[in-house]
Amino acid sequence: MPKKPPQRSTRKSTVKATRRKTAAVDPRKYSRLVVDGVKQTPARAMLRAVGFGDEDFLRPQVGIASTWSNLTPCNMHIDELARIAAAGVEAHGAKAVTFGTITVSDGISMGTPGMRYSLVSREVIADSIETVVGAQGFDGIVALGGCDKNMPGCLMALARLNRPAVFVYGGTIRPGAEGRDIVSVFEAIGGYAGGAVSEQELKYVERTAIPGPGSCAGMYTANTMASAIEALGMSLPNSSAQDAVSTEKREDCARAGEAVVRLIERGLKPRQIMTRAAFENAITVAIALGGSTNVVLHLLAIASSANVKLRLTDFARIGKKVPVLADLRPSGRYSMSELVAIGGIQPLMKTLLDAGMLHGDCLTVTGQTLAENLVDVAPYPADQQIVRPLSDPLKKDSHLVVLHGNLAPDGAVAKISGKEGLRFEGLARVFDSEEKALDGILGGAVRAGDVVVIRYEGPKGGPGMREMLSPTGAIMGKGLGKQVALITDGRFSGGSHGFVVGHVSPEAAVGGPIGLVRDGDRISIDARRRAMTLHITDAELRRRRKAWRAPKPYARRGALMKYAKCVSSATLGAVTDLE
C-alpha cells in the first residue's frame, strides 16, 4: 500500500495517457455488428417492433441490466430507477435497451433449504447479464442492483464483458420503528425462545422493522458491497450512500445514464478501472466501515472475473494497516441512513486518501481519478459520532481476520470487532446442517463455553454456502453472544455478529478437517495469532480422516447440482468459471 498520497502530476499523466490511448474509439463497436448492412435487415426489423426508429440504429446501444423484482424490499423499486437510467442514456445521444435478470432474497430464504440458491444466484446473474449483452451487441451497460448477490453478480459480468459500464446501487432502506431492521427480527426470535421477548412484542417487531424499499439498514452485505464498489471506481461518487427512496438516488441514476455514454465516447472500460490497486482501495474502505465478511468472498470473485490476482493474504496484509472507524450496525450503533445524513462514505475516503491508505491515481467511471473525485469533499460535521478519527479508531486493525491452522489449512474468515474479545476456547458442539444447529440453539443444547460447529454448508457441500444469520441471531437473542463461538464452512450474513468464523476451507464435503471434528473436542480461536486450532493429535486427525466418508450430494439434478460440480473453494471466491 502507498505510504503517501500520489502526487497530482502522476494522476494527470495517468488520465492523459488513458485519453490518448482511447482517443480513436468506435462508439458502436458491438452494435454495428448487429444492426448495420443488408444482411442485418432481419435484426433491424425485429428491433423496430420494440421501438427502434431509423436514427436509433446510428446510436451506440446501452443495455440497462435491471434486477427489479417485487419479491424483496431491496429490489422492489429498481424498475423505476432503471427507467431513469435509460432516460439519462437517451438524453445524451445513445439508445437504451432494458432487460431483466433474477434476484432472490436472503432475508426471506434465510434458515430454509431455499437459502442454498442465494450464492448460486450470483453466478446465474453474472452469466445472464454476460449472455444478454454478448448476444445483443450492446456498446455499454448500466447495471442496477440492490441486494447482496445481484451486486457482485453485476460486477462479475461487467468485468467479464469489459465494455464501458456503470453500476448503480439501489440504495439503503430507512430504519423501521425504534431504529429496528431485519437483524432485529432475527434476534427477537432468540429473545422469544429465551423468554425475554413476548409473542406480542415479536409480532410488533415483525410488523415494523421493514418500512419500505431498499437494502438492509446497517453495514450489512448490501451496503458493504455498495461501498466497496464505489471505492473500486465502478459507481459514481455517493452512489453507495443514498436512501433508496430519495431525490439523490433518482439523480444518481440519471447521471449514470450520462456517465456510460461518456465512457463509450472515451473507450474507458471496466478492466482499466478494476485494477489491483482499485481492489486494494475497496478492501481498505470495507475494513474502515466495519463491513461484512461476504466482501471477502465477493471481491475475490469479481477480481477473478477481471483477471486480477487477489488472494486471502491480501485481506490479511491490508488489514494490519487499516483501522475500523465506522460505528455501524450490526456490531455498532448506527444505521446506513444516519451515515448518509452526514455525507456518506466520501469524507471517510478523503480521510483515508490523505493518510496515504488509498491509491488516489486509480481511474473511476467519472473518467477522473479517485483523488480528483475527492478534491472538494468536505469533512464530516464536527459533532458527529458515527465515524471516528484515525487517531481514535474503534479497532486499530481489521475486524476481518484471516485465520489458518489445522482446522482451516486453506484459511477461514472471522469477523472480530473486538467487543467479543480476541480469543475463544471451548468444546465443540457439532451440527451437520444449519437446521440442526438452530434447533440445538433454540432448544437449549448449546451452552456457554461451546464452540458451535456447523458443517457440510460449504460451496459444494451445501451446496451454496448458506448464511448462518438464523443461528447467530438466535445466539445473540438468547444472550450468549459473548459466551459462545460459531465456526462454519458456510458463511455469514452481514447482519451476523458475535465470535463467528466462516469460509472454513477446505470444506467438510471435500474432506476438510472441519468434517472430522467431534462433540467435546477442544477448539481455540486466536485473532491475535490468526490461528484456529483443533486440539487433537496429528495421529488422531489422520485416523479420523482415513475413516471419513463423503456424504451423498444434496442435489442430483438442476442448478444446485451443476453449481456443486463447478464451484471452487471459498478461498478463491466460490466462482464457477475457473480455467
Residue pairs involving [range] (criterion salt bridge (Lys or Arg N to Asp or Glu O under 4.0 Å); sequence neighbours excluded):
range: residues 208-217; value: none
range: residues 480-500; value: E467-R491
range: residues 167-177; value: R174-D243

[atom1] of [X] to [atom2] of [Y]: how many Å apart, nearest 0.5 Å?
X: I125; Y: C154; atom1: CD1; atom2: SG; result: 6.5 Å
X: F99; Y: S66; atom1: CZ; atom2: OG; result: 9.0 Å
X: I189; Y: L469; atom1: CD1; atom2: CG; result: 9.0 Å
X: I229; Y: L299; atom1: CD1; atom2: CG; result: 8.5 Å
X: I78; Y: T103; atom1: CD1; atom2: OG1; result: 7.5 Å
X: D106; Y: T221; atom1: CG; atom2: OG1; result: 7.5 Å

Step by step, would you call E123 with T576 a side chain to side chain donor-acceptor pair (under 3.5 Å)?
-> CA-CA 7 Å; E123 307 302 301; T576 57; 2.9 Å; yes

Can you name the closest pair of heavy atoms from [X] and [Y] and give their distance?
X: F492; Y: V501; value: CE1-C, 3.2 Å
X: A231; Y: V285; value: CB-CG2, 3.6 Å
X: M468; Y: T488; value: CG-CG2, 4.1 Å
X: A574; Y: P459; value: CB-CG, 4.2 Å
X: S292; Y: T224; value: N-OG1, 3.1 Å
X: R388; Y: P393; value: NH2-O, 4.1 Å

Can you list the residues that meet the side-chain contact (heavy atoms from CB on, under 4.5 Å) rule with R255, with sequence neighbours excluded?
-> L236, Q242, E251, D252

Hits for side-chain contact (heavy atoms from CB on, under 4.5 Å) against Q483, two or more places apart or cross-chain, chain-then-number order -> A448, L480

Y334 six-ring centre to R329 NZ/CZ under 6.0 Å and within 45° of normal | no

Run the salt bridge (charged side-chain N to carboxylate O under 4.0 Å, His left out) check on R429 and D519 step by step: do they pass?
-> CA-CA 5 Å; R429 187 74 61 188; D519 278 336; 5.2 Å; no

Counting N and O atoms only, with roles assigned by atom type, does the side chain of [X] sit under 3.5 Å from a partner on the main chain of [Y], one being a donor and the other an acceptor?
X: R455; Y: I514; result: yes
X: S505; Y: H503; result: yes
X: Y563; Y: R116; result: no
X: S568; Y: V575; result: yes
X: E425; Y: I525; result: no
X: D327; Y: R333; result: yes
X: S121; Y: V104; result: no
X: Q384; Y: V387; result: yes
X: D392; Y: P389; result: no
X: H399; Y: G291; result: yes

State whether a side-chain donor-acceptor pair under 3.5 Å links [X] with [Y].
X: N223; Y: Y169; answer: yes
X: N75; Y: S69; answer: no
X: E230; Y: S239; answer: no
X: T571; Y: D410; answer: no
X: T101; Y: S128; answer: yes

So for atom [atom1], which belongs to [X], do other residues, nucleotides or ligands contribute more than 12 heavy atoms lying within a distance under 6.0 Å?
X: Y380; atom1: OH; value: yes
X: R522; atom1: CZ; value: yes
X: Y456; atom1: OH; value: yes

Which of these passes side chain to side chain contact (heavy atoms under 4.5 Å, CB included) with L289: T284, V324, V295, L339?
-> L339

Of I302, V413, L119, which meets side chain to side chain contact (heavy atoms under 4.5 Å, CB included) against L297?
-> L119

What's the verdict on side chain to side chain contact (heavy atoms under 4.5 Å, CB included) for L407 and I523, showing C-alpha distance, side-chain angles and the deciding distance?
-> CA-CA 9 Å; L407 195 47; I523 293 173; 4.0 Å; yes

Which residues share a salt bridge (charged side-chain N to carboxylate O under 4.0 Å, His left out) with [X], sequence neighbours left out:
X: R122; value: none
X: K395; value: D397
X: E199; value: none
X: K478; value: none

Decide side chain to side chain contact (heavy atoms under 4.5 Å, CB included) for K415 and S496; before the verdict, give the C-alpha distance in whole Å, the side-chain angles of both, and the deciding distance to 0.1 Å.
-> CA-CA 9 Å; K415 187 176 185 180; S496 291; 5.7 Å; no

Residues in ring-ring contact (aromatic ring centres under 6.0 Å, His included) contact with F499, at least two apart in sequence or another chain | F424

So F431 and V453, side chain to side chain contact (heavy atoms under 4.5 Å, CB included) or not? Walk me through it.
-> CA-CA 6 Å; F431 301 96; V453 179; over 6 Å; no

Tell me the side-chain hydrogen bond (donor to acceptor under 3.5 Å, both in side chains) pairs involving residues 182-191, sequence neighbours left out?
-> D181-S184, E187-H497

Can you give me every donor-acceptor pair (side chain of residues 201-209, partner residue at least two apart or in another chain, under 3.5 Å) with its distance?
unit_1 : atom_1 : unit_2 : atom_2 : d
E201   : OE1    : S198   : N      : 2.8
E201   : OE1    : S198   : OG     : 3.3
T208   : OG1    : Y204   : O      : 2.8

Do the non-hydrogen side-chain atoms of E434 and E457 ever get within less than 4.5 Å of each other?
-> yes

